[in-house]
Asker: 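Could you have a look at this structure, given as C-alpha cells, before my questions?
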Amino acid sequence: MKLAALPAPDFDLAGTLNCGQVFHWTETSGEWTGLIGTRAVRVHQEGASLIVPAGTETLCANYFALDHPLRSVYRSFPRDAYSQAALKRSRGIRILRQPLWECLATFLFSSMKQVPHIRQISFKLRERFGEPVRGSSLNAFPSPERLAETNEAALRECALGFRAANLRATAGRIANGDLNLESLRSLPTPELRAHLMSLPGVGEKIANCALLFAYERLDSVPVDVWIARILRGMIGQPTASLASLQLYADNQFGRYAGYIQQYLFHYARASRELPGC
DNA sequence: ACCCAGGGGCAAG
DNA sequence: CTTGCCCATGGG
C-alpha cells in the first residue's frame with residue numbers, strides 16, 4: 001500500500017480519536033484503523049505529519065480538519081488556570097468533520113451510556129446491519145433506510161434499550177425524505193438545531209453534538225454530565241441548572257466554544273480533576 | 001442492592 | 001424563560 005504524508009502541525013491523532021467525539025477507531029501500536037464513511041483507512045502520525053493511504057489525501061485532510069485554525073482557537077481559550085491546563089494537556093486535538101447520519105445516529109444512542117458502551121453498540125450495529133467495506137473487517141455504519149426497515153426487537157438486541165425506538169423512528173423520518181440532513185447544511189445554526197431537535201430522541205445536547213462534530217458549527221457546546229460538572233466548578237455554583245450552564249458556555253466561550261468544550265471534556269476525564277477541587 | 005452514564009420530554013410555575 | 005418530575009437500561 002502506497003502512503004502519503006500530510007502536513008499536520010498542531011495535531012494529536014491519538015487524542016483526536018480518543019477524546020469522545022468518534023467511537024469506531026481502533027489502535028494497534030500507533031496504527032489507527034477505521035472508516036471514513038465507506039472508505040477503509042489506516043493512518044498513523046510521524047511528528048508533524050499524518051501518514052495516510054495514497055489517494056485519500058483530500059478525504060483525510062478534510063475528515064481530520066487539518067485546516068482548522070488552531071492558533072486562533074487557542075488564543076480564544078479562557079485565561080483561568082483550569083482552561084489553560086486543559087489546553088496544555090489536550091493540545092492538538094481537532095474537531096472532526098464526520099458523516100452527518102453516522103454522527104447524529106451515534107450520539108442519538110449515546111444518551112445515558114458510557115463511552116466504551118457507545119463503542120460497543122456502534123460495532124454491533126455495523127456488524128449486523130452495515131454494508132461490508134472493501135479492505136475492512138468493519139462494516140459501514142448502516143444507512144437510515146436500512147435501520148428504518150428493521151424491527152425494534154432486532155435493534156434492542158444491540159443493547160440499544162429504549163433508544164431503539166427513537167433510532168428507528170429518526171431513521172424513518174430521514175429515509176422517507178421528511179428531513180434531508182445534507183440539505184440542512186445551508187441553514188443558520190439555530191434553524192438547523194431546531195430541525196434536528198424535531199427528530200425523536202434528539203434534544204439540545206445531541207443536536208449540539210451533531211452540529212459540532214458533523215456540521216462544523218464550532219461554536220456549539222454539548223452540555224453533558226461532565227461538562228456540567230466542569231462548568232459548575234468553574235463558576236462556583238454547584239447547583240447551576242443545565243440550561244444556565246448552556247447559556248454560560250454559549251455567551252462566554254466565543255466562536256470556538258465547541259473546541260474549548262472538547263478540550264475541557266477530555267482533560268477532566270483524563271486527569272480526573274475538576275476546577276475548584 | 002446501589003450507582004452512574006457525553007438525556008429526552010413534558011407539565012407547571 | 002425556569003424548575004420539577006418521570007422515563008429509561010446496561011455495566012461496574
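Note on naming: letters A, B, ... go to the chains in the order of the sequence lines (proteins, then strands), and numbering restarts at 1 for each one.
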Asker: Rounded to whole Å, please give me the gap between CD in A:Q114 and P in C:dG11.
Answerer: 10 Å

Asker: Using the rule side chain to side chain contact (heavy atoms under 4.5 Å, CB included), only one of A:I93, A:L70, A:L66 pairs with A:F11; which is it?
Answerer: A:L66

Asker: Please tell me if the side chains of A:Q98 and A:V22 come closer than 4.5 Å, counting only heavy atoms from C-beta onward.
Answerer: yes

Asker: Between A:S241 and C:dT2, is there a side-chain N or O to OP1/OP2 distance below 4.0 Å?
Answerer: no

Asker: Measure CG/A:L160 against P/C:dG11 and give the value in whole Å, please.
Answerer: 12 Å

Asker: Output the rounded distance in Å from CD (A:E204) to P (C:dT2).
Answerer: 10 Å

Asker: In whole Å, I'd like the distance from the CG atom of A:L245 to the C1' atom of C:dT3.
Answerer: 14 Å

Asker: With sugar-phosphate meaning primed atoms plus P, OP1 and OP2, does A:C19 contact a base, only sugar-phosphate, or nothing at under 4.0 Å between heavy atoms?
Answerer: base

Asker: Rounded to the nearest 0.5 Å, what separation is found between the CD1 atom of A:I174 and the CG atom of A:N180?
Answerer: 9.0 Å

Asker: With heavy atoms under 4.0 Å as the rule, sort A:V202 into base, sugar-phosphate or nothing.
Answerer: sugar-phosphate

Asker: State whether a side-chain donor-acceptor pair under 3.5 Å links A:T150 with A:R146.
Answerer: no

Asker: Within the 4.0 Å heavy-atom criterion, would you say A:G201 contacts the bases, only the backbone, or no part of the nucleic acid?
Answerer: sugar-phosphate

Asker: Taking CD1 from A:I121 and C1' from C:dG11, how many angstroms apart are they, rounded to a whole number?
Answerer: 11 Å

Asker: Please identify the 5'-most and 3'-most nucleotides of DNA chain B with any atom under 4.0 angstrom from a heavy atom of chain A.
Answerer: B:dA5 to B:dG9

Asker: Taking the six-membered ring for Trp, are the ring centroids of A:F141 and A:H24 within less than 6.0 Å of each other?
Answerer: no

Asker: Taking atom types as modelled, is there a side-chain donor on A:S72 or A:R75 under 3.5 Å from an acceptor on the other?
Answerer: yes

Asker: With a 4.0 Å cut-off on N to O distance, would you call A:E152 and A:R168 a salt bridge?
Answerer: no

Asker: If I take atom CG from residue A:L196 and atom CG from residue A:L187, how far apart are they, to the nearest 0.5 angstrom?
Answerer: 9.5 Å

Asker: Give the rounded distance in Å between these two atoms: CG of A:L242 and P of C:dC5.
Answerer: 16 Å

Asker: Can you check the A:H117 NE2 to C:dG12 P distance for me, whole Å?
Answerer: 9 Å

Asker: For atom P, what is the distance between B:dG6 and C:dC7, given to the nearest Å?
Answerer: 23 Å

Asker: Pick the nucleotide of DNA chain B nearest each of A:I118 and A:M197; which residue has the one closer to the 5' end?
Answerer: A:I118

Asker: Over 60° means perpendicular and under 30° means parallel, so classify the ring planes of A:F64 and A:W25, tilted if in between.
Answerer: tilted

Asker: Specify the separation, in whole Å, of atom CG of A:L108 and atom P of C:dA8.
Answerer: 17 Å

Asker: Using Watson-Crick and G-U wobble pairs with both distances under 3.5 Å, what is the 5'-to-3' dot-bracket string of DNA chain C, with [ ] for crossing pairs and | for pairs outside the strand?
Answerer: |||||||.||||

